[in-house]
Enquirer: 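Have a look at the structure that comes next, please.
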Amino acid sequence: MDNNVFIKLTATEIIDGQEETFEINVHGQLEKKNEITKICYSEDLEGLGIEETEITIDKDSVLIFRKGALNCEMLIRQGERNTTFYDTSLGKLTIGIYGKKVSFSEDNGKFHLILSYSLDFNNDYFSEKHLDFIIEEK
């Protein structure tokens with residue numbers, strides 16, 4: 001796949017009442033087949049190396065696969081809790097993901113994906129995440 005889209009991600013994380021927001025802008029790939037949309041991109045995590053991300057969007061769920069410094073596969077469905085593992089250099093962490101909002105829309109070559117979810121580590125609440133992707137065809 002060629003780099004055929006520009007991706008703007010605004011991510012907000014709330015841990016212990018402290019909110020932090022960051023933004024990344026990258027080129028990536030978008031592919032649509034039937035009811036499934038796939039988005040792929042790479043980002044350079046300072047000091048950790050390149051992180052590859054693949055997002056598969058289905059009717060009611062989003063699967064995020066990350067490979068690099070932090071390897072994980074996260075399934076996010078609104079109103080549902082799923083369990084996964086973060087594979088780090090220090091070992092595996094068990095993570096619970098509770099999907100609060102999953103929204104995906106398309107309008108004239110512009111795609112919008114919103115994900116809101118909470119995370120728990122080993123069944124202890126950890127944080128809230130909100131990801132807002134704007135994907136535009138080049």
Enquirer: Looking just at side-chain N and O atoms, do H27 and K138 make a donor-acceptor pair shorter than 3.5 Å?
Expert: yes
Enquirer: With a 4.5 Å cut-off on side-chain heavy-atom distances among I, L, V, M, F, W and Y, is there a chain of contacts connecting V62 to L9?
Expert: yes
Enquirer: Which value, rounded to the nearest 0.5 Å, describes the distance between F121 atom CZ and I95 atom CD1?
Expert: 4.0 Å
Enquirer: Could you tell me whether Q18 atom CD has more than 12 heavy atoms of other residues or ligands within 6.0 Å of it?
Expert: no
Enquirer: Of all the heavy-atom pairs spanning D120 and R81, show the shortest one and how long it is.
Expert: OD1-NH2, 2.8 Å
Enquirer: According to a 4.5 Å side-chain heavy-atom criterion applied to Ile, Leu, Val, Met, Phe, Trp and Tyr, with indirect links allowed, do I76 and F85 form part of one hydrophobic cluster?
Expert: no
Enquirer: Treat each ILVMFWY residue as a node, draw an edge where side-chain heavy atoms are under 4.5 Å apart, and state whether L63 and Y98 are in one component.
Expert: no
Enquirer: Rounded to the nearest 0.5 Å, how far apart are OH of Y117 and CD of Q78?
Expert: 14.5 Å
Enquirer: Which heavy atom of E19 sits nearest to which heavy atom of T12, and what is that distance?
Expert: CG-CG2, 3.5 Å
Enquirer: Determine whether a donor-acceptor pair (N or O, by modelled atom type, separation under 3.5 Å) exists between the side chain of T84 and the backbone of E73.
Expert: yes
Enquirer: For the side chain of N82 and the backbone of M74, is there at least one donor-acceptor N/O pair under 3.5 Å apart?
Expert: no
Enquirer: Give the minimum heavy-atom separation between I7 and G28, together with the two atoms involved.
Expert: CD1-CA, 4.0 Å
Enquirer: Write down the atom of S127, the atom of I15, and the distance for their closest heavy-atom approach.
Expert: CB-CG1, 3.5 Å
Enquirer: Can you name the closest pair of heavy atoms from L131 and A11 and give their distance?
Expert: CD2-CB, 3.5 Å
Enquirer: Mind checking the NZ-CD1 spacing from K59 to I36? Nearest 0.5 Å is all I need.
Expert: 9.0 Å
Enquirer: Rounded to the nearest 0.5 Å, what separates atom NZ in K100 from atom NZ in K129?
Expert: 13.5 Å
Enquirer: I would like to know whether F22 and E13 meet side-chain contact (heavy atoms from CB on, under 4.5 Å); could you show each step before the answer?
Expert: CA-CA 9 Å; F22 68 90; E13 181 173 52; over 6 Å; no
Enquirer: Using modelled atom types and a 3.5 Å cut-off, is there a donor and acceptor pairing between side-chain atoms of E52 and backbone atoms of K67?
Expert: no
Enquirer: State, to 0.1 Å, how close H130 and I114 come at their nearest heavy-atom pair, and which atoms those are.
Expert: CE1-CG2, 3.4 Å
Enquirer: With rounding to the nearest 0.5 angstrom, report the SG to CD1 distance, C40 to I55.
Expert: 8.5 Å
Enquirer: Kindly indicate, with the supporting measurements, whether the criterion side-chain contact (heavy atoms from CB on, under 4.5 Å) is fulfilled by K110 and I134.
Expert: CA-CA 7 Å; K110 187 173 185 177; I134 296 174; 3.5 Å; yes
Enquirer: Quick check: is L115 connected to I24 through a chain of hydrophobic side chains (ILVMFWY, heavy atoms under 4.5 Å apart)?
Expert: yes
Enquirer: Exactly one of L113, D58, L30 should register a side-chain contact (heavy atoms from CB on, under 4.5 Å) with T37. Which one does?
Expert: L30
Enquirer: Got a second to check how far T53's OG1 is from I39's CD1, nearest 0.5 Å?
Expert: 11.0 Å
Enquirer: If two hydrophobic side chains count as joined below 4.5 Å and joins carry through other members, does F133 share a cluster with F104?
Expert: yes
